[in-house]
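Data first, discussion second: the structure below is written as structure tokens.
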Amino acid sequence: MTAHTAPVETFDYLVFGGTGDLALRKLLPALYLRDKAGQITAESRIMAVSRSQLDVAEYKAKTEEALRRHLHAGEFDEATWERFGARLDYVAADATSTQGWDELQAHLQGRDGVVRVFYLATSPELFGPISERLQAFGLVTEKSRVVLEKPIGRDLESAKRINDEVGGVFAEEQIYRIDHYLGKETVQNLLALRFANSLFEPVWDAGHVDHVQITVAETVGVEGRGGYYDNSGALRDMVQNHLMQLLCLVGMEPPVSLDQEAVRDEKIKVLRSLKPIGVENIAACTVRGQYRAGAVNGAAVGSYAEEAGASSGGKPSNTETFVALKVEIENWRWSGVPFYLRTGKRMPAKVSEIVIQFRQVPHSIFPRGAGEITPNLLVVRLQPDESIRLNLMAKDPGPGGMRLREASLNLSFAETFKSRFPDAYERLLMDVVRGNPTLFMRRDEVEAAWRWTESILDAWALRGDTVKPYIAGTWGPSQSVALIERDGRTWHDDAMAAG
Ligand code: BG6
């Protein structure tokens with residue numbers, strides 16, 4: 001049995017918000033797949049908690065339906081379902097009153113000795129109240145851990161308040177702030193790429209790197225999450241957490257070890273070195289967009305206004321579904337190297353990539369007719385097909401003089417490793433049971449990320465900034481192209497669309 005399938009300690013996993021989209025789409029399928037892999041002991045249990053008045057049988061039926069819908073072909077099988085279904089329990093309890101809590105207490109009777117995980121997949125406003133009730137009902141044991149889903153608050157002040165409330169009940173070592181991007185294989189591969197190879201680190205700096213692009217593009221709209229999303233927007237939903245984490249892993253100094261504190265100490269130094277974006281540079285460094293009706297993958301799709309209309313009460317919404325930023329890390333390694341970040345809904349492809357563009361050669365020895373020498377690119381693709389690609393210049397084969405052409409070294413993880421790629425949540429949910437917080441965010445990290453993001457939100461508000469329209473199925477508003485082209489650079493869209 002390999003380390004990633006060795007059984008973890010017996011646990012009780014309590015999922016608050018157990019009937020919600022995240023629980024049914026991501027968390028329960030991830031736990032099911034770990035069960036299928038043989039990682040969950042016979043005595044471990046999974047308990048969903050939510051306000052809905054359901055009995056266990058109804059909840060099991062809901063879960064089975066969700067598993068059948070969200071698992072990939074061939075992943076659902078009757079034998080695993082029978083075992084998994086038998087672990088499931090359901091308690092209807094209300095986070096804002098004492099209703100249902102006695103029953104929860106009864107369900108946990110005699111289980112103080114096993115690892116107890118409280119996964120709060122609810123609105124962040126409930127993190128404090130739920131923690132307080134857990135304490136009041138004596139449910140927080142020595143072996144308890146709490147997982148907080150993002151977003152933690154909607155600005156620095158609310159994040160601090162929530163952290164204080166949860167921190168009043170749980171010690172920092174018991175608090176796991178999840179950012180599922182850190183559980184993605186290729187994101188962790190960034191650590192392997194940078195620190196298990198001697199090739200890249202010497203050229204990983206302003207002397208050799210021209211700029212970095214980080215793109216997280218999605219084809220989906222806001223689905224059924226308009227209520228949450230319209231209050232949030234792309235900066236809060238994606239940049240403050242996922243993109244900032246990617247930026248940190250690319251930009252950080254080598255940690256002394258993979259130890260939880262060592263990695264997190266280096267990430268926070270990057271967050272603290274970010275050049276502030278405020279009213280004076282907001283126009284030059286940011287673009288906000290919102291999609292209009294268009295077509296994605298050949299299918300017509302409506303505008304954000306139509307999708308979110310109900311939640312904004314029919315008023316025109318100024319929520320951004322796209323954001324592009326020019327970010328600078330002000331330290332010795334990165335001084336003068338821009339990091340261009342962008343993320344959006346309803347883009348032409350679901351693709352997440354980090355592109356490191358190296359500097360142009362200082363002098364060309366080749367004749368004019370040899371063709372243009374394009375700068376080397378290192379492309380780390382997170383999804384859909386995980387890969388690392390290095391674009392190099394090579395000689396075009398054949399006689400007739402020297403002609404140069406771009407060619408690439410391509411490491412496709414699926415082809416090379418021929419193994420199944422677990423979903424990010426599978427790894428992270430088990431890390432919580434193992435008590436390994438390396439891939440989770442520490443309080444100071446979340447607050448530093450909010451501090452920086454908040455100045456952008458404030459500057460937009462002060463300037464009365466309105467969203468720029470883009471057609472669904474395109475790479476965002478034209479202002480995003482201008483943001484990078486002003487600096488004489490270009491987004492690498494073509495490579496992405498081509499896959
Ligand atoms: C979530 C955001 O954190 O990440 C969603 O709230 C987004 O809006 C999702 O769709 C993207 O995750 P992934 O793993 O599909 O890239």
Side-chain angles (χ1 to χ4, degrees), residues 17 20-27 29-30 33 69-72 119-124 147-154 159 176-190 214-247 249 288-291 296-297 301 304 307-308 311 317 319-323 341-354 380-387 413 421-429 439-441 446 449-450 453 472 476 496:
D21 180 63
L22 180 73
L24 293 170
R25 201 161 45 88
K26 290 286 184 186
L27 307 181
L33 288 167
R69 172 138 35 108
H70 298 298
L71 288 171
H72 295 126
Y119 196 116
L120 310 190
T122 64
S123 143
V147 186
L148 308 182
E149 247 308 325
K150 64 152 271 275
I152 297 180
R154 61 185 323 277
Y176 289 70
R177 298 177 188 83
I178 200 163
D179 182 320
H180 78 279
Y181 268 58
L182 293 178
K184 289 186 190 279
E185 280 292 325
T186 321
V187 175
Q188 293 167 58
N189 240 313
L190 265 175
I214 303 180
T215 298
V216 177
E218 299 183 90
T219 51
V220 291
V222 290
E223 313 293 282
R225 302 159 73 223
Y228 150 74
Y229 197 89
D230 207 49
N231 252 313
S232 171
L235 192 75
R236 289 187 174 94
D237 185 50
M238 296 294 285
V239 178
Q240 188 271 343
N241 32 72
H242 306 326
L243 276 87
M244 301 290 272
Q245 288 294 322
L246 299 180
L247 174 77
L249 292 177
R288 325 167 59 216
Q290 190 188 84
Y291 60 84
V296 178
N297 293 333
V301 295
Y304 175 75
E307 279 192 25
S311 50
S317 162
T319 300
E320 78 282 354
T321 58
F322 172 94
V323 56
L341 272 47
R342 63 180 172 162
T343 182
K345 303 267 185 207
R346 293 285 190 227
M347 310 258 97
K350 176 166 173 79
V351 55
S352 304
E353 278 192 357
I354 300 170
V380 179
R381 177 173 278 211
L382 275 52
Q383 48 196 23
D385 34 10
E386 294 86 347
S387 65
F413 289 106
F421 274 62
D423 183 73
Y425 278 101
E426 288 180 56
R427 151 127 207 198
L428 297 175
L429 292 178
L439 297 176
F440 294 80
M441 290 178 294
V446 174
W450 269 125
T453 318
M496 292 189 186

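Everything numeric here is computed off the predicted structure, so don't read it as measured data. Both ligands and their constituent atoms are indexed starting at 1 by order of listing.
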Contact summary for Thr321 and Gln290, nearest pair of heavy atoms
OG1-CA, 3.2 Å

Taking only non-hydrogen atoms of Lys150 and a 4.0 Å limit, the atoms of ligand 1 in range are 1 (C), 2 (C), 3 (O), 6 (O)

Please determine whether a side-chain nitrogen of the Lys or Arg among Lys150 and Asp237 lies less than 4.0 Å from a carboxylate oxygen of the Asp or Glu.
yes

Nearest-neighbour protein heavy atom for atom 15 (O) of ligand 1, which is reported as residue plus atom name and distance:
Lys350 NZ, 2.8 Å

For the pair Glu307 (side chain) and Val222 (backbone), establish whether a donor and an acceptor sit closer than 3.5 Å, ignoring hydrogens and angles.
yes

Under 3.5 Å between any N/O of Ser352 and any N/O of ligand 1: does that happen in this structure?
no

Say whether Tyr228, considering both its backbone and side-chain N or O atoms, lies within less than 3.5 Å of an N or O atom on ligand 1.
no

Counting both backbone and side chain atoms, is some N or O of His242 under 3.5 Å from an N or O of ligand 1?
yes

Structural part of Tyr181 in contact with ligand 1, heavy atom criterion under 4.0 angstrom:
side chain

In short, Arg342 meets Leu243 closest at the heavy-atom pair O-CD2, 3.7 Å

Would you mind checking which non-hydrogen protein atom is closest to atom 9 (C) of ligand 1, with the distance to 0.1 Å?
Glu218 OE1, 4.0 Å

Considering only non-hydrogen protein atoms, determine which one is nearest to atom 12 (O) of ligand 1 and report residue, atom name and distance to 0.1 Å.
His180 NE2, 3.2 Å

For Tyr119, enumerate each residue passing the ring-ring contact (aromatic ring centres under 6.0 Å, His included) test, keeping only those at least two apart in sequence or located in another chain.
none

Heavy atoms of Thr219 and Met347 approach each other most closely as CG2-O, 3.4 Å

Relative to the heavy atoms of Asp237, which atoms of ligand 1 are at a distance of less than 4.0 Å?
2 (C), 5 (C), 6 (O), 8 (O)

